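Quick caveat: nothing in here was measured; it's all calculated off a predicted structure.
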Amino acid sequence: MNLFTESNLSPDLLKAIGELGYEQPTEIQKQTIPFILSDARDLIALAATGTGKTAAFSLPILDMIDDSSRKIQLLVLCPTRELCLQITKDIKNYTKYLPHLKTTAVYGGSSISEQIRSLREKPQIIVGTPGRVIDLIGRKALDFSEIHWMVLDEADEMLSMGFKDDLETILSETPAEKQTFLFSATMNKEVERISKNYLTNPHKISVGSINAVKKNIAHEFYVVGYRQKKEALKRLLDANPNQYSIIFCRTRMETQEVADFLMQNSYAADALHGDLSQAQRDTVMKKFRLKNIEILVATDVAARGLDVDSLTHVIHFSLPDDPEVFVHRSGRTGRAGKDGISMALLKPEETRKLKQIKAQTKIEITEKKIPTGEEIIKAQVGGVFEKLFTEHDDIFEFDNNLIPDLSAFSKEELVHQLLQFQLKDLATFYKDRNDLQEMRLSKDSDNPSSRRERGRDRDRGRDRDRDGGRDRDRRSGDRKRKSNENMTRFFFNLGKRDSLKKVDMLDIINKATAKSKKRADIGDIEILDKFTFFEIDKNYKQEILNNLPSMKFKGKDMRAEVANKD
């Protein structure tokens, strides 16, 4: 029975969505479709990704649009090209039996002249990203003076991506009498600001809440030191074979670093972030959808609009600040009725942030230990059989006579030999490999007596070393003063996160002092995560201060200042 028939949509729409397999409306569709069909107020609708928001706003509008008019009547704005294309595809599917309704997608990274040509066909529906819509308004290719409906999809993301001015410009081109709908997967202060600025006395629909977390997702967290996070990630991936997952990172740089690490370790992985060109983004997403890559490392913004139903895992390499983003990320797995797993890798100091997430979302998140090598090999054996017993198409034919006589082997012996062959490299990697240090510390910390003993040892060590340490520090300080008295120590604003290496720092210093007749003496160079300290002959102090700020390293501005004694 198709319960969409109760929504009073036209037969042509019902026929199209019936062929798409739509039978029972989702909760957001049950509440939104009748509201839009019968109420002229603006709307804020909050629902998680994968709940059918596009159908919720587009089906009732499509039912009311005047297909005899050649004016633009519906404008849908969304933050990314991927989401723009997904919404356009869905609307075109819904209008399969409405031949006079035309939809055009306009977005950056594609030929603007081709999009202008498609606009000459007079579509009634425009789906676009703010930047490209602004460009087309400037070229007089878009006229929104007669639109009746405007949809801001993922509006909070549009603002966080810097589209505030673009939104205001676009809104100024639309009539005041239009009906505006704001759809979002998350609810935060930014959404409230949008509603006050852009909507008039809006009605609110909230499907469930951020606490209504999918029951079929298991949530786990692992505590490791920052320097061990990548190794811990590798162990989690190896302990969960045959996975199809997204790994979420906070920054573009972290995203690329993690993806590079995985690719260097022979995982079928790639990165998706804002520094990629549109062509690169399209290539990565196509490979991920086709499962040519099985692990996608992404920022939250870059993953918007990526609609994949069969993800087995979501891994939070870094925790988000907003608990709703945590729920939103996790909700990308466990879709289409399947079970999913959400894993979070935490630094010890992040456990407090996780408590806040648990308190606000009421998610049950279980702490687990990073798998040992032995546990990983057991999981891999299970993964081999899981893949073996999955249905396979016969790709090639071969003569059974090519199979040698195996009668000398028992079933167990044969399987043993095949598994040794299949898992040889992985088993060699983990053989005699120590468990992660944080695991050992965690085990010790569970034992109160061991904590007390460690405390006593530290106290005894401090008492024992205090006097001798003073002498060593004094002697070391004397040597440093002698070696550094002719040097000026500088603070430099770039570090390891900027891919800065010692050879780069030497090159930068030499270029900044290149006009001197004599090459400057360079002392210690200490490259830290976010910044660097270096020493140089004090006679070159002014050259560094004058010349270095006009230079760039990999497109980034450089700044140096004399470091204080501390």
Side-chain angles (χ1 to χ4, degrees), residues 49-50 53-54 58 76-93 103-119 123 125-136 141 153-154 157-158 160-163 166 185 243-264 267-311 314-315 317 328-329 332-333 335 555:
T49 296
K53 290 184 294 174
T54 301
S58 62
V76 182
L77 287 178
C78 50
T80 65
R81 166 193 169 117
E82 291 75 32
L83 188 55
C84 175
L85 291 171
Q86 183 64 47
I87 292 171
T88 303
K89 178 183 175 183
D90 290 341
I91 292 177
K92 287 184 176 179
N93 286 335
T103 304
T104 295
V106 294
Y107 48 86
S110 187
S111 169
I112 194 168
S113 57
E114 288 183 13
Q115 291 176 6
I116 290 174
R117 277 196 292 272
S118 68
L119 291 174
I125 303 163
I126 298 295
V127 184
T129 54
R132 179 50 58 92
V133 169
I134 291 285
D135 288 344
L136 292 167
D153 198 16
E154 308 289 6
E157 285 300 320
M158 284 192 280
S160 70
M161 292 169 68
F163 289 129
D166 288 348
Q243 66 173 266
Y244 182 44
S245 59
I246 296 181
I247 299 172
F248 283 100
C249 299
R250 286 176 65 92
T251 66
R252 299 172 182 181
M253 184 174 295
E254 183 179 72
T255 300
Q256 192 62 57
E257 285 178 358
V258 171
D260 289 343
F261 168 78
L262 295 178
M263 289 187 281
Q264 288 163 7
Y267 294 94
D270 212 334
L272 188 70
H273 55 73
D275 284 344
L276 301 180
S277 68
Q278 193 58 57
Q280 289 173 319
R281 288 166 62 87
D282 290 345
T283 299
V284 171
M285 295 186 76
K286 182 178 180 181
K287 288 193 295 184
F288 188 59
R289 286 196 177 97
L290 293 174
K291 295 191 178 180
N292 293 334
I293 58 174
E294 297 167 342
I295 302 168
L296 184 69
V297 189
T299 57
D300 292 293
V301 172
R304 291 278 176 175
L306 180 61
D307 193 21
V308 179
D309 285 336
S310 51
L311 290 178
V314 163
I315 300 175
F317 189 79
H328 183 55
R329 285 178 176 183
R332 290 183 172 275
T333 185
R335 294 168 72 170

- Query: Roughly how far, to the nearest 0.5 Å, is the OG atom of Ser58 from the CG atom of Asp90?
  - Reply: 7.0 Å

- Message: For Gln256 and Asp260, which I'm curious about, is there any donor-acceptor pair between the side chains at under 3.5 Å?
- Response: yes

- Task: Evaluate the criterion side chain to side chain contact (heavy atoms under 4.5 Å, CB included) for residue pair Thr251 and Thr299; output intermediate values, then yes/no.
- Result: CA-CA 6 Å; Thr251 66; Thr299 57; 5.9 Å; no

- State the CG-CD distance between Asp275 and Gln280, to the nearest 0.5 angstrom. 9.5 Å

- Message: Take a 6.0 Å sphere around NZ of Lys89 and say whether it holds more than 12 heavy atoms from other residues, nucleotides or ligands.
- Response: no

- Item | Contact check, side chains of Leu311 and Ser245, non-hydrogen atoms, under 4.5 Å | no

- Are any non-hydrogen side-chain atoms of Ile293 and Val284 less than 4.5 angstrom apart? yes

- Query: Once you round to the nearest 0.5 Å, how far does SG of Cys78 lie from CG of Leu83?
  - Reply: 4.5 Å

- Task: For Val127 and Ile91, run side chain to side chain contact (heavy atoms under 4.5 Å, CB included): C-alpha distance rounded to whole Å, both residues' side-chain angles, the deciding distance at 0.1 Å, then the answer.
- Result: CA-CA 10 Å; Val127 184; Ile91 292 177; 4.2 Å; yes

- Task: Over all heavy atoms of both residues, which pair between Cys249 and Phe317 is shortest? Give the atoms and the distance, please.
- Result: SG-CB, 4.0 Å

- Taking all heavy atoms of Thr88 and all of Ala105, pick out the closest pair and write down the distance. OG1-CB, 3.3 Å

- Task: Not counting sequence neighbours, which residues clear ring-ring contact (aromatic ring centres under 6.0 Å, His included) with Tyr244? List them please.
- Result: Phe288

- 4.5 Å side-chain heavy-atom contact, Thr104 and Ile125: no

- Message: Run the side chain to side chain contact (heavy atoms under 4.5 Å, CB included) test against Thr129 and tell me which residues pass, sequence neighbours left out.
- Response: Cys84, Tyr107, Arg132

- Between Arg281 and Glu82, is a side chain to side chain contact (heavy atoms under 4.5 Å, CB included) present by the stated rule, with each step listed? CA-CA 9 Å; Arg281 288 166 62 87; Glu82 291 75 32; 2.8 Å; yes

- Which one of Arg289, Arg81, Lys287 satisfies the salt bridge (charged side-chain N to carboxylate O under 4.0 Å, His left out) criterion with Asp282? Arg81

- Would you give the length of the straight line joining atom NE2 of His273 to atom CG of Asp300, rounded to the nearest 0.5 angstrom? 14.0 Å

- Query: Is there side-chain contact between Phe248 and Arg332, with at least one heavy-atom pair below 4.5 Å?
  - Reply: yes

- Task: Measure the shortest side-chain to side-chain distance between Thr54 and Gln86 over non-hydrogen atoms and say whether it is less than 4.5 angstrom.
- Result: no

- State whether the side chain of Glu254 and the backbone N or O of Arg250 hold a donor-acceptor pair below 3.5 Å, judged by distance alone. yes

- Ile116 and Leu136, any side-chain heavy atoms less than 4.5 Å apart: yes

- Message: Any non-hydrogen side-chain atom of Leu119 less than 4.5 Å from a side-chain atom of Ile126?
- Response: yes

- Which is it for Leu272 and Thr255 under the side chain to side chain contact (heavy atoms under 4.5 Å, CB included) test, yes or no, and what are the steps along the way? CA-CA 8 Å; Leu272 188 70; Thr255 300; 6.0 Å; no

- side chain to side chain contact (heavy atoms under 4.5 Å, CB included) test vs Ile247 passes for just one of Leu296, Val314, Leu262, namely Leu262

- Message: Nearest 0.5 Å, please: how far is CD1 in Ile87 from OG1 in Thr103?
- Response: 11.5 Å

- Item | Side-chain touch Glu154/Lys53, heavy atoms, less than 4.5 angstrom | yes

- Query: Nearest 0.5 Å, what's the CG-OG1 distance between Asn292 and Thr283?
  - Reply: 11.5 Å

